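Contents: one structure, followed by commentary.
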Amino acid sequence: MIESIRNHPSVVIKNCLFSVFALAVLAIMTMDEQPKISVLLIASSLVVVVIMIRAWKLTTYSFMDDRIVVKKRTAFKADRTIPYERLSSVNVVRGVFEKIFGTTILQFNVNSGVNASVPEVSICVKDDVAKRIKAYVTIHMYNHDPVSEEKVEYEYIASFSPIQVILHSILSQSTYTLLVGFFFLVYGIFSSISDVVGSKAILSSTLLLFIIQTIVPILGQIIRYSNFKVYRNEDTIYLQHGLLTNYRSSFDISRVNAFSIKKPFFARIMGMAYLETDVVGINAISNDVTPTLCLVMKEKKLDEIIKRLIPEFTYPQEITKQSPGANSLIFGKSAVAAALLTFIVALSIVISSMDLLDEFWDSNPGFEGLFVITAILTYSVLMILLILGWRLSVRNKGYSCCEDKFTFYIGVLDLEEVTIRYDCVQIIETSSGYFARRKGLSKCTISMLSSSGTKSVKSGYFRTDIFDDISFKLLTRIKDGHYFGNKNNQ
């Protein structure tokens with residue numbers, strides 16, 4: 001039992017740092033012209049410090065034999081009790097600030113859809129105390145001793161070199177993100193070598209958009225997934241990664257709602273894919289409930305890792321493609337989108353040729369030609385994507401199932417195989433338009449238990465009775481007591 005622990009005092013500094021700094025800067029800026037306001041700002045900063053110190057002093061954490069108890073005695077009295085059996089994961093986070101003070105942040109998450117990506121309990125303590133608390137809680141959560149830190153170097157299932165991390169950071173980006181970023185880059189270069197007035201400004205703005213759209217996300221992924229390792233001990237999966245912020249987490253395999261094999265277009269060209277899971281509280285750094293479990297690698301090798309890491313989700317799959325009639329439905333939607341796109345582009349070109357804009361074009365030589373070329377190129381690219389989307393959507397989407405789980409094959413350019421346990425399905429919603437109903441087809445949206453409310457999976461067009469069967473199997477498992485694999489013997 002570990003009772004009445006407070007956060008490390010450095011938490012007060014961390015929480016006050018930004019607000020006090022901002023108030024101090026404003027006080028200095030207004031000191032000459034508005035000294036009274038400057039004094040008020042300084043007083044406000046002192047009030048902030050006092051409030052933070054009081055909150056730190058009157059908040060305690062106790063780790064009992066069967067639960068975590070958080071007591072707050074600030075403006076309001078508040079007690080929070082969390083049984084260990086309800087915990088989903090324990091996250092260990094060490095950012096730059098924590099490294100300076102020799103502290104560690106422990107985050108405890110409950111397998112609940114309420115504030116799914118925000119930890120229910122977060123405590124910052126010295127490193128040695130954090131190890132003791134984590135070991136104590138882990139024993140009570142998983143009923144076995146935690147894996148020692150030394151085992152990380154020798155028993156991990158997968159680890160990745162810096163080159164592999166960079167490759168993942170690029171190839172895991174959505175095709176849309178990469179294409180849009182590439183478009184900005186090419187458009188800026190094309191504009192800069194043309195004779196258009198203001199080409200330098202266009203180049204600067206498009207390069208900025210390219211950096212924001214493409215380079216920044218890639219750099220963020222590199223920083224986040226450096227030193228990535230994953231390993232498993234009995235029924236517990238462990239993750240560790242991070243360059244500036246070191247991140248360690250563990251969760252029981254029973255907490256995994258689903259896993260996804262993701263194959264973005266450019267990764268798929270190279271025969272590569274990566275793995276994500278759906279489990280609450282695992283990725284508190286970015287408020288993401290679908291953490292990456294394995295970075296991009298060759299699909300054959302990824303299959304081997306899946307069998308070692310999460311064998312509970314593997315089963316022989318017989319893929320059922322979209323039902324007959326789906327082709328005409330998808331084509332109809334693509335045709336409507338193509339007609340609307342054609343109308344918008346044609347209207348834009350007609351308006352650009354009207355006398356109303358002659359003065360603008362005359363004052364900006366070359367802009368009219370650039371606008372028309374851009375419109376035609378954009379129209380051509382989007383039409384190609386619509387045609388590809390129609391054909392690939394028909395070919396790629398599918399469905400398979402077994403006794404306790406099912407898989408949706410979704411995506412157009414970026415493919416995804418999502419395997420979901422029946423026991424983790426929270427909402428099943430089927431929908432079909434007028435033409436789909438006449439063909440006896442529907443789409444299904446699955447919302448999973450413990451997702452953040454926005455995590456859902458949408459299927460292609462299949463016979464409605466297939467989705468009725470998912471509902472039937474789910475209800476049958478509940479009635480028979482098989483829910484979450486526990487047979488009711490009553």
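Predicted model, so just to flag it, every value in this text is computed and none were measured. The figures that follow rest on heavy atoms only: side chains count, while hydrogens, waters and symmetry mates do not.
For the pair Ile222 and Leu243, the minimum side-chain heavy-atom distance is 4.5 Å or more. Counting heavy atoms from C-beta outward, Ile427 and Ile446 have side chains that stay 4.5 Å or more apart. Put simply, the side chain of Ile237 does not reach to within 4.5 Å of the side chain of Tyr231, judged on heavy atoms. Using a 4.5 Å cut-off on side-chain heavy atoms (C-beta onward), Ser226 and Phe160 make no contact. Side-chain contact between Asn91 and Leu106 is absent, with no heavy-atom pair separated by less than 4.5 Å. In this structure, the side chains of Val418 and Phe259 stay at 4.5 Å or more apart for every pair of heavy atoms. Taking the side chain as every heavy atom from C-beta outward, Leu441 and Thr464 never approach each other to under 4.5 Å. In this structure the side chain of Phe210 never reaches within 4.5 angstrom of the side chain of Val180, judged on heavy atoms.
Scanning both residues, Gln213 and Gly181, for their nearest heavy atoms gives CG-N, 3.9 Å. For Ile261 against Leu275, the heavy-atom pair with the smallest separation is CG1-CD1, 4.1 Å. Across every non-hydrogen atom of Ile349 and Ala375, the tightest pair is CG1-CB, 4.4 Å. For Lys72 against Asp79, the heavy-atom pair with the smallest separation is N-OD1, 4.3 Å. The two residues Ile68 and Leu87 make their nearest non-hydrogen contact at CD1-CD1, 4.1 Å. A pairwise comparison of heavy atoms in Ser122 and Gln107 identifies OG-CG, 3.8 Å as the closest pair.
Looking at residues two or more places apart in sequence or on another chain, you find no ring pair (Phe, Tyr, Trp, His ring centres under 6.0 Å) involving Tyr409. Taking the ring pair (Phe, Tyr, Trp, His ring centres under 6.0 Å) definition, one finds that Phe467 meets it with nothing, sequence neighbours left out. Every residue was checked against the side-chain contact (heavy atoms from CB on, under 4.5 Å) condition with Thr320, not counting sequence neighbours, and none meets it. For Phe462, there are no ring pair (Phe, Tyr, Trp, His ring centres under 6.0 Å) partners, not counting sequence neighbours.
With hydrogens and angles ignored, the 3.5 Å screen pairs no side-chain donor or acceptor of His241 with any backbone N or O of Lys229. Here the side chain of Asn396 pairs a donor or acceptor atom with the backbone of Leu392 at under 3.5 angstrom. Using a distance-only test at 3.5 Å, with no hydrogens or angles considered, a donor-acceptor pair links the side chain of Arg268 to the main chain of Leu413. With hydrogens and angles disregarded, a donor-acceptor distance shorter than 3.5 Å links the side chain of Ser328 to the backbone of Gly325. Looking only at distances, a side-chain donor or acceptor of Ser380 sits under 3.5 Å from a matching main-chain atom of Ile376.
The environment of Ile163 atom CD1 is sparse: at most 12 non-hydrogen atoms of other residues, nucleotides or ligands sit within 6.0 angstrom.
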Under 3.5 Å, side-chain donor or acceptor atoms of residues 293-301 against the rest of the protein: list the pairs with distances, not counting sequence neighbours.
| residue | atom | partner | partner atom | Å |
| --- | --- | --- | --- | --- |
| Lys298 | NZ | Met270 | O | 2.6 |
| Glu299 | OE1 | Lys263 | NZ | 3.2 |

Requested in this report: Take Tyr315 and Thr407, measure what side chain to side chain donor-acceptor pair (under 3.5 Å) needs, and give me the verdict at the end.
Outcome: CA-CA 10 Å; Tyr315 66 96; Thr407 302; 2.7 Å; yes

Query raised in the report: Under the side-chain contact (heavy atoms from CB on, under 4.5 Å) criterion, do Val256 and Ile310 qualify, and how do the steps go?
Result: CA-CA 10 Å; Val256 177; Ile310 45 175; 5.5 Å; no

Report task. Starting from the C-alpha separation in whole Å, work towards a yes-or-no answer on side-chain contact (heavy atoms from CB on, under 4.5 Å) for Tyr399 and Ile319. Result -> CA-CA 6 Å; Tyr399 166 81; Ile319 304 175; over 6 Å; no

Requested in this report: Give the intermediate values and the outcome of side-chain contact (heavy atoms from CB on, under 4.5 Å) for residues Thr476 and Tyr422.
Outcome: CA-CA 10 Å; Thr476 300; Tyr422 285 111; over 6 Å; no

Query raised in the report: Given the rule in the side-chain contact (heavy atoms from CB on, under 4.5 Å) test, do Arg248 and Val93 qualify, once you have shown the distances and angles that lead to the verdict?
Result: CA-CA 6 Å; Arg248 293 175 182 268; Val93 181; over 6 Å; no

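The pair Asp303-Lys307 does not count as a salt bridge, with every side-chain nitrogen at least 4.0 angstrom from each carboxylate oxygen.
Side chains of Glu276 and Ser260: no donor on one and acceptor on the other come within 3.5 Å. For the residue pair Asp414 / Ser174, no side-chain donor-acceptor distance below 3.5 Å is found, with atom types taken as modelled. Side-chain atoms of Thr342 and Tyr379 include a donor-acceptor pair closer than 3.5 Å. At a cut-off of 3.5 Å, with distance as the only test, no side-chain donor of Ser442 or Thr430 sits close to an acceptor on the other residue. For the residue pair Tyr238 and Ser249, no side-chain donor N or O sits within less than 3.5 Å of a side-chain acceptor on the partner.
Interatomic distance, Thr104 OG1 to Ile123 CD1, rounded to the nearest 0.5 Å: 11.0 Å. From Ile470, atom CD1 reaches atom CG of Asp465 across 10.5 Å, with rounding to the nearest 0.5 Å. Atom OG of residue Ser471 and atom CD1 of residue Ile466 lie 12.5 Å apart, to the nearest 0.5 angstrom. The distance from atom CD1 of Ile105 to atom SG of Cys124, rounded to the nearest 0.5 Å, is 5.0 Å. To the nearest 0.5 Å, the span separating CD1 on Ile211 from OG1 on Thr214 amounts to 10.0 Å. Distance NZ/Lys473 to CD/Glu403: 8.5 Å, rounded to 0.5 Å.
Screening Lys405, Arg232, Arg421 for a salt bridge (charged side-chain N to carboxylate O under 4.0 Å, His left out) involving Glu312 leaves a single residue, Arg232. Here the options are Thr277, Asp423, Asp278, the test is side chain to side chain donor-acceptor pair (under 3.5 Å), and the partner is Asn257; only Asp278 passes.
Between Tyr225 and His168, the ring planes lie perpendicular to each other; the angle is over 60°, past the 30° to 60° tilted range.
Sequence neighbours left out, the pairs with a member in residues 323-345 that pass ring-ring contact (aromatic ring centres under 6.0 Å, His included) are Phe331-Trp390.
Tyr84 has its ring centre no less than 6.0 Å from the ring centre of Phe108. For Tyr61 and Phe63, the ring centers sit 6.0 Å or farther from each other.
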